[in-house]
Protein chains: 2
Amino acid sequence: MAQTAAKKPSRIQLRNRRRIMDAALEVFSQHGYRGATLDQIAEGAGMSKPNLIYYFDGKEAIHVALLNALMTEWLAPLQDMNPGGEPLDEILTYVRRKMEMSRLYPRESRLFANEILQGAPRMGPHLVSGLKPLFDEKAALIGRWMEDGRLAKSDPQQLILSIWAITQHYADFDAQIRALIPDEAAGWDAANAHVERIFRELLTAN
Amino acid sequence: MAQTAAKKPSRIQLRNRRRIMDAALEVFSQHGYRGATLDQIAEGAGMSKPNLIYYFDGKEAIHVALLNALMTEWLAPLQDMNPGGEPLDEILTYVRRKMEMSRLYPRESRLFANEILQGAPRMGPHLVSGLKPLFDEKAALIGRWMEDGRLAKSDPQQLILSIWAITQHYADFDAQIRALIPDEAAGWDAANAHVERIFRELLTAN
DNA sequence: TCGTACCTTTACCAAATGGTAAAAAACACG
DNA sequence: CGTGTTTTTTACCATTTGGTAAAGGTACGA
């Protein structure tokens, strides 16, 4: 049972698992859970299907492993929002980092979007146990900043949602955006400027 | 060939096609294209699978029919943005109508999101031929309003994108939102207020 | 009421898909 | 080397799934 991994993982194991996760991210993010096939993932990972199964208990196990790994990295920018910092800076920095993630890691964003779109069937608990505490903590922090008059008042929870909505949109709806704005040149610059402007105006309203 | 529909569709045909589209919307929006099965749709429509195929040429034909129907209704609010109206009102009305659509027709929003997420494989042409002209027209309109000093200046294309991002997020990421903000009571009121505030601040910035 | 066109069901099918069994190959290491 | 363990391959399999063939019902105008 390579999966239980109570022992030390061998070099080969490490390499192949990484390959699998990589290929799986590609396939799952592009086709969704049910649209992805083990054959596609196996081909992407450069190994046979039974060999996949040797490293992961099955299709669902791969997907869950991906989501788990994703969750951790994904939350870092929010986690880094510093209660001791300058409120506007902290939030705009968060916004910028989210934009950067959408630009650099669109597959991860789409994997997540796919899962949520379908009702988070393999992630519901994770949302509540992993994301919600952080969400509540940071919403409370922002709320305090607003109370202290360091930011224009608005609904902190809604604020976070709208940051997610706008920033992730650039990754998730990339196909649409490219169809509507074919000019790729200043694409990300215009997007970054606009998004920053939105939240700056909102948070510094008189 | 019931599908070519060069004749008058009978009562039964009308009724059954509507049933199928309804069931298909439910299934496709929840599971994505490949995750949906004809059996599920057939069951939802209350008929046998071969009977489905009698009314539509196949799985893909149903999906395409859905997307086509969706496109038309979906564009109405943007189409209604009136060049003769008061700019801020026109845009905020558009925002409100989009929020209303997310609240009332989340399945349609998710169907669309699913298709875009996967690269718009069955919709690419439609985006360019149907959506892009309208997008360009309205972006130009908003641009003129800004030039005339009737709205705070920003990037009109990005503005429209951000309206879509935020409003559709409430439908597409509903599962996440409900996990994070279980209090359903003032959910839509808070969302509506926040979203309106965002765009009001942006468009009336000094 | 009869015929015809429309609608529905029953019985299938080929391909795809997630997964298994077991033998063969590669490897680690004393 | 030789031997026990890890990794990979080959050959399958049961189920699911999109779709078809063809016969049986049903509505409805003449």
Side-chain angles (χ1 to χ4, degrees), chain A residues 1-28 30-67 114 118 121-122, chain B residues 1-28 30-67 114 118 121-122:
Chain A
M1 278 170 238
Q3 300 79 4
T4 49
K7 313 258 180 75
K8 47 182 177 179
S10 77
R11 229 161 300 123
I12 295 180
Q13 244 172 65
L14 243 42
R15 174 176 57 87
N16 281 349
R17 287 217 202 179
R18 242 212 353 262
R19 277 190 189 175
I20 293 172
M21 298 275 279
D22 236 48
L25 173 60
E26 182 73 26
V27 176
F28 278 129
Q30 194 158 35
H31 303 288
Y33 180 75
R34 292 207 53 189
T37 71
L38 289 183
D39 293 282
Q40 283 175 293
I41 298 173
E43 195 193 326
M47 65 183 69
S48 67
K49 187 168 54 172
N51 209 2
L52 263 198
I53 301 296
Y54 174 76
Y55 286 103
F56 286 89
D57 271 338
K59 188 182 183 181
E60 186 156 351
I62 302 177
H63 194 249
V64 168
L66 263 183
L67 288 174
N114 253 310
Q118 309 189 355
R122 276 164 285 278
Chain B
M1 277 170 235
Q3 300 79 5
T4 50
K7 314 259 179 75
K8 47 182 176 178
S10 77
R11 228 164 304 125
I12 294 180
Q13 242 174 69
L14 243 43
R15 174 175 56 86
N16 281 349
R17 286 216 202 180
R18 242 208 357 257
R19 276 190 191 176
I20 293 172
M21 297 276 278
D22 236 49
L25 174 59
E26 182 73 27
V27 177
F28 278 129
Q30 195 158 34
H31 303 289
Y33 180 75
R34 291 205 54 189
T37 71
L38 289 184
D39 293 282
Q40 283 174 293
I41 298 174
E43 195 193 326
M47 65 184 69
S48 67
K49 188 168 54 174
N51 209 3
L52 262 197
I53 302 296
Y54 174 77
Y55 286 103
F56 287 88
D57 271 340
K59 188 182 182 180
E60 185 156 351
I62 301 177
H63 194 249
V64 168
L66 263 183
L67 288 175
N114 253 310
Q118 309 190 354
R122 276 164 286 279

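Residue numbers start from 1 in every chain, and the chains themselves are labelled A, B, ... in the order their sequence lines are given, proteins ahead of strands.
In this structure, CZ of B:F56 is placed 13 Å from P of C:dC7, rounded to the nearest angstrom. Look at OH on A:Y55: it is 20 Å from C1' on C:dG18, rounded to the nearest Å. The CZ atom of A:R17 sits 13 Å away from the C1' atom of D:dT7 (whole-angstrom rounding). The interatomic distance linking A:L52 (CG) with D:dT7 (C1') rounds to 13 Å, in whole Å. In this structure, B:I53 atom CD1 and D:dG18 atom C1' are separated by 7 Å, rounded to whole Å. Whole-Å rounding puts the B:F28 CZ to D:dG18 C1' distance at 11 Å. Put simply, NE2 on A:H31 is 15 Å from C1' on C:dT17, counting in whole angstrom units.
Listed by residue number, the members of residues 33-43 of chain B with any heavy atom below 4.0 angstrom from DNA chain D are B:A36, B:T37, B:L38.
Ring planes of A:F28 and A:Y33: parallel class, angle under 30° (limits at 30 and 60°).
For B:P50, whose side chain is taken as the heavy atoms from C-beta onward, the closest listed nucleotide among C:dT9, C:dT20, D:dT8 is C:dT9.
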Exercise. For B:H31 and B:N114, run side chain to side chain contact (heavy atoms under 4.5 Å, CB included): C-alpha distance rounded to whole Å, both residues' side-chain angles, the deciding distance at 0.1 Å, then the answer.
Key: CA-CA 9 Å; B:H31 303 289; B:N114 253 310; over 6 Å; no
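Contact check, B:S48 against C:dT9: a side-chain N or O comes under 4.0 Å of OP1 or OP2. In terms of phosphate contacts, A:Q13 brings a side-chain nitrogen or oxygen within less than 4.0 Å of OP1 or OP2 of D:dT7. Regarding contacts with the backbone of C:dC7, every side-chain N or O of B:N51 stays at 4.0 angstrom or more from both OP1 and OP2. One finds no side-chain N or O of B:Y54 lying less than 4.0 angstrom from the OP1 or OP2 phosphate oxygen of C:dT9.
A:Y54 contributes atom OH, which lies 11.5 Å from atom CE of A:M47 (distance to the nearest 0.5 angstrom). One distance of note links CG of A:N16 with OH of A:Y55; it measures 4.0 Å at 0.5 Å rounding. One finds the CD1 atom of B:I41 at 10.0 Å from the CZ atom of B:F56 (value rounded to the nearest 0.5 Å).
In terms of modelled atom types and a separation under 3.5 Å, the side chain of B:K49 and the main chain of B:E43 share no donor-acceptor contact. Judged purely by atom type and a 3.5 angstrom limit, A:Q30 has no side-chain atom pairing as donor or acceptor with the backbone of A:V27.
Comparing B:E60 and A:N16 by the nucleotide of DNA chain D whose heavy atom lies nearest to each, the residue mapping closer to the 5' end is A:N16.
Side chain A:K49 to base C:dG18: a donor-acceptor pair is found below 3.5 Å.
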